[in-house]
Amino acid sequence: MLDIARIRKEPETVCAALAKRGAQVDFAPLLKDDQLRRDLIARSEAIKAERNRINKDIPRLKKEGGDVSGLLEQMKKSGEEVKSLDDELRAVDARMQEFLVGLPNIPADDVQPGGKENNQVVSSWGSKPDFADFTPKNHVDLCTSLKLIDYERGVKMAGSGFWLYTGLGARLEWAMLNYFIQEHIKDGYTFMLPPHLLIYESGYTAGQFPKFEEDVFRLQEEGGMRFLLPTAETALINLYRDEILEEADLPRRLFAYTPCYRREAGAYRASERGMIRGHQFNKIEMFGFTRPEDSAAMLGELIGKASRLVEGLGLHYQLTKLAAGDCSASMATTYDIEVWMPSMNEYKEISSVSNAHDYQARRGSIRYRRAEDKKIDFVHTLNGSGMATSRLLPAIVEQYQQADGSVIVPKVLRDMVGADILTPES
RNA sequence: GGAGGAAUACCCAAGUGGUGAAGGGGCUCCCCUGCUAAGGGAGUAGGCCGGGAAACCGACGCGAGAGUUCAAAUCUCUCUUCCUCCGCCA
């Protein structure tokens with residue numbers, strides 16, 4: 001949610017910023033409603049103030065035996081006036097709300113305009129594995145032959161877009177989750193296990209609703225809906241919804257493990273099978289609440305953490321700064337970590353680290369009281385995958401595969417997996 | 001799923017239609033005392049919205065929303081959350 005005061009003050013600047021992400025917005029109807037709204041409030045409140053004054057007098061007059069019937073008549077009339085003004089006000093409010101809720105976040109100043117084509121590779125780590133001596137297999141073949149993932153039986157149980165980790169595959173997946181959890185705890189982050197089913201308002205605060213309701217699995221219930229979270233971010237952003245934190249409480253550094261459930265309507269490309277567009281995948285999510293002046297530093301911190309985790313696994317990756325149009329609607333800045341996928345000859349996103357500034361905080365009314373002057377202001381919120389293990393497992397088997405079809409287990413996972421190398425026989 | 005009960009400030013809590021939502025604890029400040037104590041006094045109802053450069057003024061505000069009324073913490077309805085009991089529990 002954008003600040004109406006800022007739009008009122010500098011509509012052209014906001015308009016130009018939104019244009020960076022390809023959003024063409026005309027603020028004229030909004031600003032007209034804004035003026036109308038304030039007029040309605042002024043008129044309604046003037047009548048209410050008068051009514052309050054008279055109401056204070058009535059009991060006194062009655063006690064003194066005066067005649068109040070004329071006053072009562074007048075009060076009844078002004079009551080009706082107030083009611084009609086307030087009805088109009090509600091309609092204007094709803095119209096403005098609808099307009100504002102549909103607007104995406106303002107991209108940060110240093111974010112490039114344009115779409116995907118303007119994404120910039122910031123850095124890269126490691127190098128592409130050398131497969132000169134043999135033809136590397138793709139992760140679907142590897143995971144199948146090594147019996148790490150059972151794609152067919154996953155579909156049998158749950159339908160298209162689901163798979164099943166089996167044996168060493170489950171252990172490898174779980175080892176990664178454990179590894180990340182341990183690293184986050186070492187860094188002083190607080191471990192959270194949130195509910196997986198959330199109410200509508202939580203999706204609204206995250207910026208998911210109302211625009212992307214079709215993208216989640218929904219359960220219709222009497223008296224409302226619940227949905228399966230598409231990422232732990234959707235839960236964690238709501239931790240302090242409608243709360244006022246003390247400045248001393250900030251920054252908050254959290255992480256959570258949840259599966260992520262997404263509809264991902266439409267078919268995936270064959271090469272993406274088993275990695276992208278699954279309806280359910282595992283992810284550790286990092287999350288931060290900060291003072292506005294600290295969010296840039298925390299963004300750097302989160303990028304650093306995500307990078308170190310991929311490096312710990314020894315995977316070749318690049319860090320990309322997204323152009324405005326490629327950032328999701330709620331985010332002002334996003335950096336992606338993209339891991340090398342030999343079979344696809346592409347770098348694929350495995351972590352996305354973003355700063356939402358006050359966009360989500362405004363939607364969810366998440367604020368803090370400054371220690372010095374007791375003023376209340378919106379916090380900044382940040383999130384980053386740290387990491388999506390279900391996308392890392394394919395990268396691991398592809399990058400670590402050997403000529404004989406076996407896969408070497410990354411050092412940091414060997415104890416937890418209980419194996420140094422995965423072979424078709426193991 | 002059923003039957004009851006509850007929701008007022010940081011905490012406890014009074015308040016069954018009428019001008020400023022009692023009181024206590026805690027907290028902040030001051031006085032007295034003089035050193036891990038005790039006493040006295042003052043302050044302490046949030047947040048949003050509108051106006052204003054500000055001081056401030058106004059509107060709203062007793063879980064949320066609607067209604068009755070000239071007037072609602074108080075009466076009515078709907079909902080939410082919590083508590084007690086019963087049932088269910090792969």
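Scope of the values below: all heavy atoms of this structure, side chains included, with no hydrogens, waters or symmetry mates. Chain identifiers are assigned alphabetically (A, B, ...) following the order of the sequence lines, protein sequences preceding nucleic acid strands; residue numbering begins at 1 within each chain.
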When the C1' atoms of B:rG4 and B:rC56 are compared, how many Å lie between them, rounded to an integer? 50 Å
Let me know the distance between CG of A:L36 and C1' of B:rG50, rounded to the nearest Å. 14 Å
Atom P, compared across B:rA64 and B:rC11: separation rounded to whole Å: 15 Å
Measure up the A:Y257 and A:W174 rings against each other and bin them: parallel (under 30°), tilted (30 to 60°), perpendicular (over 60°). perpendicular
Taking atom types as modelled and ignoring hydrogens, do the side chains of A:T381 and A:Q360 form a donor-acceptor contact shorter than 3.5 angstrom? yes
Going by the angle between their ring planes, with limits at 30° and 60°, are A:H279 and A:F217 parallel, tilted or perpendicular? perpendicular
Indicate whether OP1 or OP2 belonging to B:rG50 is found under 4.0 Å from a side-chain N or O atom of A:R37. yes
Quick one: label A:I54 by what it contacts on the DNA or RNA (base, sugar-phosphate, nothing), any heavy atom closer than 4.0 Å. nothing
Using a cut-off of 4.0 Å on non-hydrogen atoms, how would the nucleic acid contact of A:I41 be classed: base, sugar-phosphate, or nothing? sugar-phosphate
For RNA chain B, which consecutive runs of 3 or more Watson-Crick or G-U pairs (each distance under 3.5 Å) count as stems? B:1-7 with B:80-86, B:10-12 with B:23-25, B:26-31 with B:39-44, B:49-51 with B:56-58, B:63-67 with B:75-79
Select base, sugar-phosphate, or nothing to describe what A:R53 touches, counting heavy atoms under 4.0 Å on all strands. nothing
Check the angle between the aromatic planes of A:F289 and A:F287 and answer parallel, tilted or perpendicular using the 30° and 60° thresholds. tilted
C1' gap between B:rU16 and B:rU68, integer Å: 16 Å
State yes or no: are the ring centers of A:F162 and A:Y151 separated by less than 6.0 Å? no
Same-atom distance (P) from B:rC12 to B:rA66, integer angstrom: 28 Å
d(NZ, A:K48; P, B:rA59) in whole Å: 10 Å
Atom pair distance, as rounded to whole Å: CD in A:E243 and P in B:rC10: 13 Å
Using atom P of each nucleotide, how far apart are B:rA3 and B:rA71 to the nearest Å? 35 Å
Considering only atom P, compute the distance from B:rU74 to B:rG15 and round it to an integer number of Å. 15 Å
Using a cut-off of 4.0 Å on non-hydrogen atoms, how would the nucleic acid contact of A:R367 be classed: base, sugar-phosphate, or nothing? sugar-phosphate
Which whole number of Å gives the distance between the P atom of B:rA73 and that of B:rG67? 15 Å
Are a donor atom and an acceptor atom from the side chains of A:E173 and A:N282 found within less than 3.5 Å of each other? yes
Using the P atom on both, measure B:rU8 against B:rG63 and round to a whole Å. 6 Å
Under 4.0 Å, heavy atoms only, any strand: does A:K77 hit a base, just the sugar-phosphate, or nothing? nothing
Protein-nucleotide distance (A:I199, atom CD1; B:rU80, atom C1'), rounded to Å: 10 Å
Taking only side-chain N and O atoms of A:N52, does any of them lie within less than 4.0 angstrom of OP1 or OP2 on B:rC60? yes
